Amino acid sequence: MAGGARLLHRGSQGYNARPFFEMPMKQRVENLLRQAIKAMVDSGELTALPDTPIQVDRTRDSRHGDFSSNYALTVAANIGSRPRDLAQSIATRVPSSPMLDRVEVAGPGFINFFLARNSYQALIPEIISAGARYGSGDAGQGVSVLLEFVSANPTGPLHIGHGRGAAYGAALARLLAAAGFQVTREYYVNDRGRQMDILTVSIWLRYLELCGQEFTFPEQAYRGDYVRPIAEKLHADSGREFEISAAGLFDGFPRQVGPDAQLDWLIARSRSSLGGDRFERVWKAGLDDILGDIRDDLREFGVEFDNWYSEKGLIASGRVDDCIRKLKESGHLYEKDGALWLQSSRFGDEKDRVVVRENGQTTYFAPDIAYHLDKFDRGFQRAINIWGADHHGYIPRMKAALEALGRDPEALTVLLVQFATLYRGRQKVQMSTRSGEFVTLRELREEVGNDAARFFYVTRKSEQHLDFDLELAKSRSNENPVYYIQYAHARICSVFAQLRERGLDYDPDGAMQNTHRLEEPREQALLATLSRYPEVILAAALAYEPHQIGFYLREVANDFHVYYNAHQILVEDGALRNARLGLIVCVRQVLQNGLGILGVTAPVEM
RNA sequence: GCGCCCGUAGCUCAACUGGAUAGAGUAUCGGGCUUCGAACCCGAGGGUUGCAGGUUCGAGUCCUGCCGGGCGCGCCA
């Protein structure tokens, strides 16, 4: 799949007729190399051509040219010739091209390509005409992907761990879309089950307190402050409709058993004394409030979903029962100790798993299987899940379930996000949802701002542990690299403001006709960096690594700042001025496109 | 005990997925505004990539074994 990038050329700005880049520079170099190798095979100098892929890389060191290939190194051993000799033979057969200055052999046998001075001139019209689409490609070939992320239980506000998954997922969605995949973003709502029952009871108990009832609030219930406003609203809206004597409610409370059993007792007791209907209404009040809060929070954070998928709805649709029936029919479900087990160990899991409990209730696993089956039944070709790293042990059984259902487990990719450890200076902040001691995503956003938070999250590899120092993020927010990139963007906008103040204007045609005037080394370096953007998008997308974009954008900003400090853009010479303005328009475009993928704003001024 | 993830400059992180002399930010020290925004630029110091082997032309990256950290190993979700 790598190397299959092809830029979209659907620009309808009137530049279509002009031949810009038929393909990215990297591919053009690759093709020249391929021709040289083919020439050697045709002349019999290279016998059986091993099926080694022809790989061309950007060099790290400019002394090694602009592009480099290790082809001779990888092939020489197989055909029994010396790498340097082979490299030399290939190098001399590289067809001459106006884009190439020279080809050299260096080191153990690298073939290094040096580009001609003005080989990047065509890039400027290319970027200007592609605009927001510059960097996008069709490598994904429209393959439909269901990207599921966040999916936090609606039992409390999102905390900073969820924030990381949200930022990562949102960026990945845009990245995959830019690479040509058709992406749907989905949030799976666990709106039923024990955790929701505990929340319901917690809200109701707070409500009873408001009614004046006296009792000890259970240790294991949700004690976070966010529960109280929900109870207050319920109290304000419904008065004493849900009131029941606390003394009666807690009558017979089992003090001798463990906290979990106590909670189960309390849930059952609440349900029976309140009645199914009223219990449901409290549940609904809690769900609506918290899920609404989560939606708002994510929207404010710039994280949007195409679909919110209800677990309760899934069960009501009968799909879970259907799914269990299918598993039974396929013979991968068996009964033991009164429960129904999936033979997941036959498909790579370390043991079999219970799907239906002894008491007849399904485990959490059953709806999850049905949900994942439904992803593919809805026609998605690929499913990508972003899970917290604590769920890694869950991956084999999910894949096993898909395989048992006759689906391709490879169509499911699970990406793990490590937890963020929060610090206040040196002090580690302990977090627990039930105790209510945690820093919410909303608090984080208010303290450090959306842009800094998004960038901070998404410039680390997702599987890397993340130390998030609040004090640092707060007090030194100016030192966050995101401002460095945004500053470059604002500076460019400022140049155009300055241009207008001086009564001058920018002529795009003039810019494109004078690209040959961009002869400064720093201008060439900037163009070379801009030309890499489509390659970065593709590589980052295929590796599911949005952080590559962040590091790349820093390079773009750095090249620009260096250029800006060294050269005047608004010069007297109108042709040169337009050429330089065209160049920084392109820089601005790449910054906008890249920041857009990361979900960070590109401010006109700061 | 078994399994997964991680270990890179004082700190926070990169390293084009096996390439050439391991790079940025921050912190420390020194320099640069009469010029389009100094939230910027230039320079200096800072490393046995946790340790020990192995694979090959070449290893931070792959394989093995230790050391250290995180997370899993329910008829909880």
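All of these numbers come straight from a predicted model, not from anything done at the bench. All values below come from the heavy atoms of this structure, side chains included, with hydrogens, waters and symmetry mates left out. Reminder, nothing fancy here: chain letters follow the sequence lines and each chain counts from 1.
- A donor-acceptor contact under 3.5 Å is not formed by the side chain of H465(A) with the base of G7(B).
- Contact annotation: Y484(A) reaches the phosphate of C41(B) (side-chain N/O to OP1 or OP2, under 4.0 Å).
- A donor and an acceptor atom sit less than 3.5 Å apart, one in the side chain of H392(A) and one in the base of G3(B).
- When distances run from any side-chain atom of P108(A) to the nucleotides C57(B), C73(B), A77(B), the shortest one goes to C57(B).
- A close approach under 4.0 Å does not occur between any side-chain nitrogen or oxygen of R58(A) and OP1 or OP2 of G19(B).
- With C36(B), U12(B), A39(B) as the choices, the nucleotide that has an atom nearest any side-chain atom of Y487(A) turns out to be A39(B).
- At a cut-off of 3.5 angstrom, the base of A20(B) holds no donor-acceptor pair with the side chain of T59(A).
- Using a 4.0 Å cut-off, no side-chain N or O of R491(A) falls inside it from OP1 or OP2 of C40(B).
- In this structure, R357(A) reaches the C76(B) phosphate: one of its side-chain N or O atoms is under 4.0 Å from OP1 or OP2.
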Just do the side chain to side chain donor-acceptor pair (under 3.5 Å) check on Y364(A) and N190(A) with the steps written out, would you? CA-CA 10 Å; Y364(A) 59 95; N190(A) 292 103; over 6 Å; no

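- Q55(A) has no side-chain polar atom (N or O) that falls below the 4.0 Å cut-off from OP1 or OP2 of C16(B).
- The side chain of N558(A) contributes an N or O atom lying less than 4.0 Å from OP1 or OP2 of C41(B).
- Shown here are the side-chain contact (heavy atoms from CB on, under 4.5 Å) partners of Q88(A), two or more places apart in sequence or in another chain: T92(A), V105(A).
- In the interface, the side chain of R63(A) is paired with the base of U21(B) through a donor and an acceptor atom under 3.5 Å apart.
- Contact of N70(A) with G19(B) (side chain to base): a donor-acceptor pair of N or O atoms is detected under 3.5 Å.
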